[in-house]
Amino acid sequence: MPADVKVRMAPSPTGFLHIGSVRTFVFNWLFARQQGGECLLRIENTDTSREVAEAVDQIQDSLRWIGIDWDGPVSFQLDTADRARELAQELLAKGDAYEDEGAIRFRQPTEGTVSWHDAVRGEIEFRNELLPDLVIVRSDGRPTYNFVSPVDDILDGITHVIRGDDHVSNTPSQINILRALGAELPVYAHVPMINGADGKKLSKRHGAVATEAFRDDGYLPQTMMNFLALLGWSYDDKTTIMSRHELIERFSLDRVVPSPATFDYKKLDWMNGVYLRNLQPEEYAHDLRRFLAEQGIDWPAERVNATVPLVQEKIEKFSQYPDFVRFLFEDIEVPADLDGRICRAAAERLAGVEPWDAAAIEEALRGLVDELGEKPRTAFQPIRLAVTGSKVSPGLFESLELLGRDESLRRLSAAGTEA
RNA sequence: GGCCCAUUCGUCUAGUGGCCUAGGACACCGCCCUCUCACGGCGGCGGCACGGGUUCGAAUCCCGUAUGGGCCUCCA
């Protein structure tokens with residue numbers, strides 16, 4: 001009977017949670033949920049400073065935001081240090097380790113090879129004679145990562161180690177250690193790294209890398225999950241947009257590709273736009289308000305809600321929202337060079353429009369443009385400028401409706417007298 | 001330098017010997033729609049790193065080369 005699947009997400013508490021780590025965690029999580037297994041969260045800490053505590057909080061916040069959960073309490077690598085030391089002593093006693101300058105080194109086999117069948121890369125083999133006898137317990141008594149990590153995996157009953165491929169070269173040593181300990185080996189799956197546009201490891205130079213930064217940029221968590229899942233994995237030759245549920249249902253390790261992927265920010269933007277447009281208006285309003293609150297923008301909720309139909313098809317991330325609709329919440333600067341004549345005429349025409357709604361406003365304005373013998377394209381632009389202060393805005397008639405008659409006329413008149 | 005890994009349009013990828021004169025998506029370009037911007041529709045540009053094999057037949061298998069990356073810490 002096959003053991004139940006159990007994986008672990010093992011971040012280091014070094015500041016923010018890197019989006020590349022999240023991608024690896026997405027694979028772990030998707031795999032576990034798909035298999036009906038467990039997904040643990042283990043912090044690979046070597047101390048317990050205040051910084052670590054903060055980083056641990058942030059890691060959990062970021063994971064929760066993306067929608068990744070974990071089973072059981074968060075565990076800490078440091079908590080098993082005693083047990084690791086005991087095992088090191090056993091290794092010492094059996095002659096599988098030896099002391100060196102106060103530290104304990106693992107004794108690698110000197111001949112033959114270590115190999116394993118990697119779930120994403122296939123057969124990988126190393127020659128034992130080339131593996132260095134690595135330190136498993138430092139001279140100050142602290143066990144090292146390459147020792148505690150496999151030890152914790154045994155202790156936790158991890159069945160699948162899904163991690164970045166920067167760990168490939170650690171794997172043969174960890175396997176030898178596990179064998180010396182008489183433990184069963186987990187399945188290894190080394191997933192490719194994520195690069196920036198220049199092919200180098202993704203870093204701040206390329207754009208946002210902290211999970212928090214994507215949240216602050218107004219990306220939806222469902223976008224992030226979908227996008228990240230597609231970095232190195234695909235369902236078929238054409239499916240791109242997949243819900244959390246579909247992702248869980250369809251994910252498989254053998255469809256993870258072995259080569260590194262470049263993080264394409266433009267595609268992320270596009271995908272977020274797709275998700276934004278697919279939201280129900282109420283959901284959109286809710287998420288938007290939450291975003292604004294997080295950004296410290298306290299525009300009236302009622303009015304924010306009212307803008308949803310004007311912006312939902314126009315922006316691809318919430319961070320574009322404030323500038324796009326600012327004219328509805330704050331005074332604008334009257335642009336200098338615009339056609340005051342048209343603005344004045346528009347003000348006069350709009351004064352008597354009943355009711356004050358987009359349809360009536362459009363009718364009035366189109367009639368005016370006709371009479372003036374202007375092209376809609378050229379005639380509406382100065383009006384837009386006068387009312388929104390920008391050459392790019394939500395639909396003009398809807399904007400006027402929302403702005404209200406008084407304020408609209410005020411801005412139009414102001415622009416009319418300016419010129 | 002040693003070891004390990006990778007290599008299909010600019011990017012993410014489909015492809016597991018014939019269905020491939022290589023499919024989709026993002027980006028880009030053009031046209032249409034249009035009050036701006038978007039959305040949407042239509043069309044276009046563009047790729048199997050290179051060289052040898054194996055085979056009737058190779059993007060797919062093998063070997064080299066090149067390029068890129070990772071690791072080689074008493075870091076994780």
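Every value quoted in this text rests on a predicted model; they were computed, and no experiment measured them.
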Please state how far atom CD in A/Q108 lies from atom C1' in B/C3, giving the value in whole angstrom units.
13 Å
Taking atom types as modelled, is there a side-chain donor on A/T171 or A/H190 under 3.5 Å from an acceptor on the other?
yes
Using the ring of each side chain (for Trp, its six-membered ring), is A/F31 parallel, tilted or perpendicular to A/F251, with breaks at 30° and 60°?
perpendicular
Would you call the rings of A/F263 and A/F214 parallel, tilted or perpendicular if under 30° counts as parallel and over 60° as perpendicular?
tilted
Pull out every protein N or O sitting under 3.5 Å from an N or O of nucleotides 21-31 of chain B, one pair per line with the distance.
unit_1 : atom_1 : unit_2 : atom_2 : d
B/G23  : N2     : A/D237 : O      : 3.1
B/C26  : O2'    : A/K267 : N      : 3.4

Would A/H190 count as stacked on B/G70 if the rule is ring centres under 5.5 Å and plane angle under 30°?
no
Between A/R366 and B/C35, does any side-chain N or O lie under 4.0 Å from OP1 or OP2?
yes
Between B/U36 and A/S393, is there an OP1 or OP2 to side-chain N/O distance shorter than 4.0 Å?
no
Taking the C1' atom of each, how far is B/A14 from B/G47, in whole Å?
13 Å
B/G69 OP1/OP2 closer than 4.0 Å to side-chain N/O of A/R121
no
I'd like the C1' distance from B/C62 over to B/C72, given in whole Å.
30 Å
Do A/S169 and B/C3 have a side chain to base donor-acceptor pair shorter than 3.5 Å?
no
Provide the distance between the two P atoms, one in B/A58 and one in B/U16, to the nearest whole Å.
16 Å
